[in-house]
Number of protein chains: 2
Amino acid sequence: MGTKQRREREKLERRKNILGTARKLFWQKGFQKTTMPEIAETVELAPGTLYLYFQSKEAIYLELLLEGYDMLIMRLRRKNNPNASPKERTKALIREFFKFAVNNPEYFDIIFFVLQKEFGSTRDSWFENSQIERLEAKEKECIRLASEAVSSGQNTPKNENFVQALWSMLAGIVFFWRRSERKELEKIMSETEKIILNSI
Amino acid sequence: MGTKQRREREKLERRKNILGTARKLFWQKGFQKTTMPEIAETVELAPGTLYLYFQSKEAIYLELLLEGYDMLIMRLRRKNNPNASPKERTKALIREFFKFAVNNPEYFDIIFFVLQKEFGSTRDSWFENSQIERLEAKEKECIRLASEAVSSGQNTPKNENFVQALWSMLAGIVFFWRRSERKELEKIMSETEKIILNSI
DNA sequence: CTATAAATTGAATTAAATTCATATAATGAT
DNA sequence: ATCATTATATGAATTTAATTCAATTTATAG
């Protein structure tokens, strides 16, 4: 009697449907112009039903960010070559980071929307605790990967700050690139790369 | 008959009052939790009146950012020593930038709120055109000052990208510092400084 | 074929920003 | 001082969405 299992599967399925629809709409028209009733209608559910699967509109958006982190982490892992020099590894990481940003800029929009200071205090609970935890774990994993690349394992305290700076810098570059209508990241990318590698 | 002048002065005065009140409230409780009726009540005006002075809540917030840029620009100018070496000048600029960020972090919150990609498309007109123009002029001036510091006047095309990268990096650092609850920017600041100066 | 539990519905509620018809106040000319 | 005109200000009404929740539907297991 695998009824329970099937039900659970179906529930996850519906959740995924909601997420997929939300993604499509958010990417298409942005977060603000996408409404919950609209998402609901598109997945063929009533507005209220969305709230059985997610705490809030923001929680859906954040969930997408988590998925983005997974993608990024996978890509960074794939390029991670333990035998290369720190410089080589860091270079590969930076390139993969920017490549991801160019191909999936929407996830960065979520970062800068959802991770604002503002959101810490705004409402009792835009997000579920579990989401926050998962987010922090993924952030940490990114930093860990970068740290590994930069120092090939040696984890000095100096390194922690360096890596934090590195990561913030890369994100900052993407933010301003995203803001300006400019298509090409190329020039700034390679400039950034040079600046960072100079310090390795 | 300086009536006209006086009236204009009074109007500016009221505008400044609104801005001051808004600033106080935004700083205190954040953008979202501050409501227009609340601002109105605090300046002792009716809600509708605010809209005679500003297009929207967002326009008020952006106006504060403009004021922040002015402050930052002034400080950067003050530290600007044409006789020092590019390295020295850049170092001074970075330090002044972070010092400003530490003392006035709220302005950075506005940057990351208002300058999101999202905001380009969300509504017909959160902002007045004149605001956007003033914003861009100030941004440009910041970049110009940085450019001057970095290269002591020589404006090569390489430089443009370098400076853009530099500026984005600094902002990125502040964003993530702001997000984490951490008090101390110190360590990351000096790490950032080293990274940048290595390339000068 | 029930009784129970799970899932869904969608109309009602809530919360703010914003608008706008109306009112008030100031000005300058007569 | 009076009045027509213009500039300011008002605040109740409107609008727009998110979110809630009492009621309904659907599925399950005994």
Side-chain angles (χ1 to χ4, degrees), chain A residues 1-18 21-22 25-26 29-63 113-114 118-119 121-128, chain B residues 1-19 21-22 25-26 29-63 113-114 118-119 121-128 131:
Chain A
M1 192 74 41
T3 325
K4 200 153 194 176
Q5 276 81 78
R6 173 174 55 77
R7 285 205 136 196
E8 228 154 88
R9 223 180 317 121
E10 285 176 350
K11 218 169 161 189
L12 281 179
E13 200 52 47
R14 220 153 313 143
R15 203 185 129 96
K16 258 197 263 177
N17 277 156
I18 295 174
T21 302
L25 291 172
F26 285 150
K29 347 190 327 172
F31 179 75
Q32 315 225 39
K33 289 221 273 218
T34 303
T35 70
M36 292 296 268
E38 187 185 7
I39 296 171
E41 187 178 46
T42 313
V43 266
E44 299 175 287
L45 289 170
T49 309
L50 299 184
Y51 290 87
L52 300 174
Y53 292 87
F54 299 95
Q55 202 115 98
S56 66
K57 190 180 168 187
E58 283 73 15
I60 299 180
Y61 207 37
L62 179 52
E63 197 64 29
F113 179 73
V114 162
E118 187 75 16
F119 266 89
S121 61
T122 302
R123 238 231 344 223
D124 284 337
S125 54
W126 293 109
F127 310 122
E128 311 161 38
Chain B
M1 191 74 42
T3 324
K4 201 154 195 176
Q5 277 81 78
R6 174 175 54 77
R7 286 207 135 197
E8 227 155 89
R9 224 181 315 121
E10 285 175 350
K11 216 170 163 186
L12 281 179
E13 201 50 48
R14 221 153 312 141
R15 203 185 129 97
K16 257 199 264 179
N17 277 155
I18 295 174
L19 272 178
T21 302
L25 291 172
F26 286 149
K29 348 190 326 171
F31 179 76
Q32 315 225 36
K33 289 221 273 218
T34 303
T35 70
M36 292 296 270
E38 188 184 8
I39 295 170
E41 187 179 46
T42 313
V43 265
E44 299 174 288
L45 288 171
T49 309
L50 299 185
Y51 291 87
L52 300 175
Y53 292 87
F54 298 95
Q55 201 115 98
S56 65
K57 190 179 167 187
E58 283 74 14
I60 299 180
Y61 207 36
L62 180 52
E63 197 64 30
F113 179 73
V114 161
E118 187 75 15
F119 265 89
S121 60
T122 301
R123 241 232 343 225
D124 283 338
S125 53
W126 293 108
F127 310 121
E128 309 162 40
Q131 278 189 310

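These figures come from a predicted structure and were not determined experimentally. Throughout, a chain's letter reflects where its sequence line sits, starting with A, and its residues are numbered from 1.
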J.: Under a 3.5 Å cutoff on both atom distances, Watson-Crick or G-U, what's the dot-bracket for DNA chain C ([ ] crossing, | other strand)?
T.: ||||||||||||||||||||||||||||||
J.: Which residue pairs satisfy the ring pair (Phe, Tyr, Trp, His ring centres under 6.0 Å) criterion with at least one member in residues 39-58 of chain A, sequence neighbours excluded?
T.: none
J.: Kindly write out the residues that satisfy salt bridge (charged side-chain N to carboxylate O under 4.0 Å, His left out) with A/R15, not counting sequence neighbours, or none if the list is empty.
T.: A/E63
J.: What contact category does B/Y53 fall into here, base, sugar-phosphate, or nothing, at under 4.0 angstrom with non-hydrogen atoms?
T.: sugar-phosphate
J.: How long is the line joining CD1 of B/I18 and P of D/dT8, in whole Å?
T.: 13 Å
J.: What are the two closest heavy atoms between B/A40 and B/A46, and how far apart are they?
T.: CB-C, 3.8 Å
J.: Are there over 12 heavy-atom neighbours, none belonging to B/K16, within less than 6.0 Å of that residue's NZ?
T.: no
J.: To the nearest angstrom, how far is B/E58 atom CD from C/dA17 atom C1'?
T.: 9 Å
J.: Taking side-chain contact (heavy atoms from CB on, under 4.5 Å) as the test, write out the residues that go with A/Q32, two or more places apart.
T.: B/E118, B/F119, B/T122
J.: Quick one, which residues of residues 29-37 of chain B touch DNA chain D with a heavy atom under 4.0 Å?
T.: none
J.: In whole angstrom, give the distance that lies between atom CH2 of B/W126 and atom P of C/dA17.
T.: 10 Å
J.: Taking side-chain contact (heavy atoms from CB on, under 4.5 Å) as the test, write out the residues that go with B/E10, two or more places apart.
T.: B/R6, B/R14
J.: Sequence neighbours left out, what passes side-chain contact (heavy atoms from CB on, under 4.5 Å) with B/T35? Give chain and number order.
T.: B/P37, B/E38
J.: If you look at every heavy atom in A/F26 and A/K57, which pair is closest and at what distance?
T.: CE2-CE, 4.1 Å
J.: Scan residues 41-52 of chain B against DNA chain C and write down, sorted by residue number, each residue with any heavy atom closer than 4.0 Å; if none is found, say none.
T.: B/G48, B/Y51
J.: May I ask you to decide if B/K29's main-chain N or O and B/T34's side chain share a donor-acceptor pair within less than 3.5 Å?
T.: no
J.: Distance check needed: C/dA26 C1' versus B/K4 NZ, whole Å only.
T.: 14 Å
J.: If you compare all heavy atoms of B/V43 against all heavy atoms of B/N17, which two are closest, and at what distance to 0.1 Å?
T.: CG1-O, 3.5 Å
J.: CD of B/E10 versus P of C/dA25: gap in Å, rounded?
T.: 15 Å
J.: With a cut-off of less than 4.0 Å, is there a side-chain N or O of A/T3 near OP1 or OP2 of D/dA29?
T.: yes
J.: Okay, side chain of B/Q131, backbone of B/A59: is any donor-acceptor separation there less than 3.5 Å?
T.: yes
J.: Show every side chain to side chain donor-acceptor pair (under 3.5 Å) that has at least one partner inside residues 40-49 of chain B, sequence neighbours left out.
T.: none
J.: Kindly assign one of parallel, tilted or perpendicular to the pair A/F113 and A/F31, based on the angle between their ring planes and the thresholds 30° and 60°.
T.: tilted
J.: Identify each atom pair where a protein N or O and an N or O of nucleotides 1-7 of chain D are less than 3.5 Å apart, giving names and distance.
T.:
{"from": "D/dA7", "atom 1": "O3'", "to": "B/R7", "atom 2": "NH1", "distance (Å)": "3.3"}

J.: Hey, which of these two, B/R6 or B/K57, hits DNA chain C nearer its 5' end, going by closest nucleotide?
T.: B/K57
J.: Provide, to the nearest angstrom, the distance between the CZ atom belonging to A/F127 and the P atom belonging to D/dT19.
T.: 11 Å
J.: Is it true that a side-chain atom of B/S56 and a backbone atom of B/W126 form a donor plus acceptor pair closer than 3.5 Å?
T.: yes
J.: Starting at CG of A/N17 and ending at C1' of C/dA7, how long is that distance when rounded to a whole Å?
T.: 15 Å
J.: Atom CZ of B/R14 to atom C1' of D/dT8: distance rounded to whole Å?
T.: 8 Å
